[in-house]
Every structure is written in C-alpha cells, then in structure tokens.
Amino acid sequence: MNHQNEIMIKEDTTDENGLNTMSDQENNKKGLGEKWPEPTVRVQSLAESNLATVPDRYIKPPSERPDQTIIINHQPQTAAINIPVVDLNSLFSGNEDERERMSEACREFGFFQVINHGVRPELMEAAREAWRSFFNLPVEAKEVYSNSPSTYEGYGSRLGVEKGAILDWNDYYFLHYLPLVLKDLNKWPSIPSNIREVLDEYGEELVKLGERLTRVLSSNLGLKEEQLKEAFGGEDVGACMRVNYYPKCPRPELALGLSPHSDPGGLTILLPDDKVVGLQVRYGDTWITVNSHPHAFIVNLGDQIQILSNSIYKSSEHRVIVNSQKERVSLAFFYNPKSDIPIQPLQQLVTSTNPPLYPPMSFDEYRLFIRTQGPRGKSYVESHISPLDN
Ligand code: OGA
Ligand code: NI
C-alpha cells in the first residue's frame, strides 16, 4: 500500500491489509452502528400479507410520487428518447460511431446500455435466476444473512439510518467482490446450491467488463487508456453488488421501489429484470423508463466519475417504480475506486478556465452520505462542489 497517496485522508480506517478497522464506537459516532434505528420490516412480508394499501412509512409525499399514467398502463413509457445502445464488440473493433455514441451518452445522460459485451448470456441468466430463487425463499431462511448499517453486507431492507425516514419498497442483498480481503463467501447466500459458484464467475466477468469500460471512458476523455483505472487504485479497485428485490406493491402510485439517487461510486453495471420494467432515468424534468435490449447491461456513471472528470461526465439520477402485478429482480454491480485513496478531478481535465470543482475525498468518506441519509437525488455530489471555487 502506498501511504504517500493517503496523506490527504482525514482518518485512515484500514490496516495494511486493507481491512476495515473502524471500531464500532467510531461507526456509532457516524450513525453506522450494528443496529438499524427501527426494527427491520421485510417488504416481502408486507407484500405477502395482502394489504389493501401500503403502510404510511412507504408513502411518498405527493410531489415525489411517480407519474400515474406510467403505473396505470403497466407499460413502458412510449417516449421518443430511450437510452443509447452501444455495441462493445464493434467499438473495440474500431467502429468510431459506437465510440461516439457512448461518448455522447456519457455527456448527456450518464447512462447507456451495452450489447456484445463479452459476458455469456447463460451466465447472466443463471445469476438472475439464482437470485430469484433466493428471494423466493421464505423470509425466515434469509434472516440469517440480515445486515447491519456498519457494513451493509447481507440481506437488508433500507438505505440510511435516519429514524422515521420514509422507506422504499424493496429488499436487497449486498456483497463484496473486491478487495479480496472483503470477499467472504460465508456472507453470501448458500441456497440455491449453485449460487456461490455462479456469483463468483459473474463477479469475475463483471470486473473484466468494468475494466474494459473504464478504458473506453478514459480514451473518450482524451486520457491514456489506463488512467481512470489508475485513479481508481490500479489493481486495488473495489467491486461489490447490490441485488434488488421489488415485491408487488398494492399501491404503486404512492410508493417508489428506490428513491431518486445517483450511485456514489465509479461505474454501475446493471442486469435488469428481463420481464419487468421499473428503472427510470431523469432527463431534465422527465423520467424516462428504461426498456433494455435483450442480453444488455445498463451502464451508468457514478459520482466518482463525475468528480474525476471534473464534471465533463455526469453521474445519472435514477429511480425505480414498482407495480401491483409483478415482482422485479435486478443485479447492480458496482465497479469502484479503492475506498481509502483521495479522489479528485484529474489534473489533465483541469485548466485555468476549468478549475477543479471538487476537493479530494476518499470513497469511504463519500459513501457515508448515502449510507447515513439514504437516497437523496444528486444532492451529495452537488453539495461536494469545492467552496474555494465559488
Ligand atoms: C441501484 C439501482 C436500479 C434497478 O441499485 O443503485 O439504481 O433497476 N438499481 O434496480
Ligand atoms: Ni442506482
């Protein structure tokens, strides 16, 4: 570990093996203790209890509720705009149109989908089906993996530790792939019987895809191919996954599966449900429902890319709507910077007319915002703008 790179970190909470040594006491000070502020309620249990409506805790204020027409029709919105599809195979074979499409999508939406990305469709299907089986287990079988705010690892039902917060209509599972010291198969589900094996291979393939995508992002930004990965910590990048389970919701017009947010990390590679839409991307004042291409991954840029690119690329704001007819499962894979190195605008992207917009901050520190306060649109990256330059 290169300690010279770490002098800007306010608090080094990892030992030389990269293990988190932050004590429970320190975590508690940040509101990230071993306990959630209220007893955990599984959304799946609520959905299975045949309620006529949703409990108040899940009812969004009127201005935050989803557009009713989308819900009533149970249909993807027929908007003229959809998120661009990039053929990665063709891009790597030198097709400049594909490269340009990706570059434009990064500037405009922070969102695109990739096809011919090199991950076998059978593996994608196997991963999705393994998770579907897991979430279809009785709630009791999943409680053994119950997570806590201090690490988020395991089976969870909320993001943020604010007492009395309005919650989202989803249960999830969070696990680590990288760094290897955080990868602990005992914290992964063991049912269905093939799940660990499938997830292991899935993670390996997605790390490779994350690397290839960062190379393209780098050269599209006019940097050398390896540069973003180097800024992410080189061989010490982080990778983790959040699997979302959105049960049927009796009043989908009052609730959200996941409130508006931008992803705090680097790149997100999402495997959406192949049968049920739900993800929406903010585009100006409207929300575009994403219709994914068969076998595509949806890629979106996180806040760390916005920071490193000095806002040339924007992280995307997105949310998830639910419906009363079908449950939905999605796998969000996060390719992240090493968690304890300072992340700040890359020098090549800073000029006298484009001064650095963000002060350095480690990803560990940065993600505390969302881990303590929950999803809040793009407010974290917007409030992180450097006071020196304003
Ligand atoms: C996420 C996310 C979208 C989805 O997990 O951060 O935005 O479609 N998921 O579930
Ligand atoms: Ni997200």
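Note that these values count all heavy atoms, side chains included, but never hydrogens, waters or copies made by symmetry. Please read these numbers as outputs of a predicted model, since none were measured by experiment. Numbering of ligands and ligand atoms starts at 1, following listing order.
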task: Look at Glu162 together with Arg376 and state whether they make a salt bridge at an N to O cut-off of under 4.0 Å.
output: yes

- request: Please identify which atoms of ligand 1 are closer than 4.0 Å to at least one heavy atom of Tyr246.
  value: 4 (C), 9 (N), 10 (O)

- line: atom 1 (C) of ligand 1: closest protein heavy atom, distance to 0.1 Å, is Leu258 CD2, 3.6 Å

field: Heavy-atom neighbours of Lys163 NZ exceed 12 at 6.0 Å
entry: no

- prompt: How does Tyr172 reach ligand 1, if at all, at less than 4.0 Å between non-hydrogen atoms: by side chain, backbone, both, or neither?
  reply: neither

- prompt: Salt bridge check: are Lys224 and Glu230 linked by an N-O gap of less than 4.0 Å?
  reply: yes

- request: Flag the pair Tyr380 / Phe369 as yes when their ring centroid distance falls below 6.0 Å, and as no otherwise.
  value: yes

- prompt: Which residue supplies the protein heavy atom nearest to atom 3 (C) of ligand 1, what is that atom called, and how far is it?
  reply: Val320 CG2, 3.6 Å

field: ring-ring contact (aromatic ring centres under 6.0 Å, His included) assessment of Tyr155 paired with Tyr145
entry: CA-CA 5 Å; Tyr155 180 47; Tyr145 300 107; 8.4 Å; no

query: So does Glu235 pair up with Lys229, basic N to acidic O under 4.0 Å?
result: yes

- prompt: Should Arg319 be listed as contacting ligand 1, given a heavy-atom distance under 4.0 Å as the test?
  reply: no

- request: Classify the contact between Thr268 and ligand 1 as side chain, backbone, both or neither, using a heavy-atom distance cut-off of under 4.0 Å.
  value: neither

- prompt: Considering only heavy atoms of Ala332, which atoms of ligand 1 have at least one such atom less than 4.0 Å away?
  reply: 5 (O)

- request: May I ask you to list the atoms of ligand 1 that are less than 4.0 angstrom from any heavy atom of His318?
  value: 7 (O)

message: My understanding is that we take every heavy atom of each candidate and find the minimum distance to atom 10 (O) of ligand 1. Doing that for Gly257, Pro264, Ser330, which one comes out nearest?
response: Ser330

message: For atom 9 (N) of ligand 1, what's the nearest protein heavy-atom neighbour? Residue, atom name and distance, please.
response: Asn244 ND2, 3.6 Å

message: What protein heavy atom lies closest to atom 8 (O) of ligand 1? Include the residue and the distance to one decimal.
response: Arg328 NH2, 3.0 Å

- line: Taking the Ni ion (ligand 2) as the apex, His261 NE2 and Asp263 OD1 span an angle, rounded to 10°, of 90°

message: Check this for me, if you would: do Glu125 and Arg132 make a salt bridge, where the nitrogen-to-carboxylate-oxygen distance has to be below 4.0 angstrom?
response: no

message: Using ring centroids (six-membered ring only for Trp), state whether Trp188 and Tyr177 fall under 6.0 Å.
response: yes

- prompt: Going by the atom numbers of ligand 1, which of them fall below 4.0 Å from some non-hydrogen atom of Arg242?
  reply: 5 (O)

query: Side-chain donor-acceptor pair under 3.5 Å between Gln280 and Thr289, yes or no?
result: yes

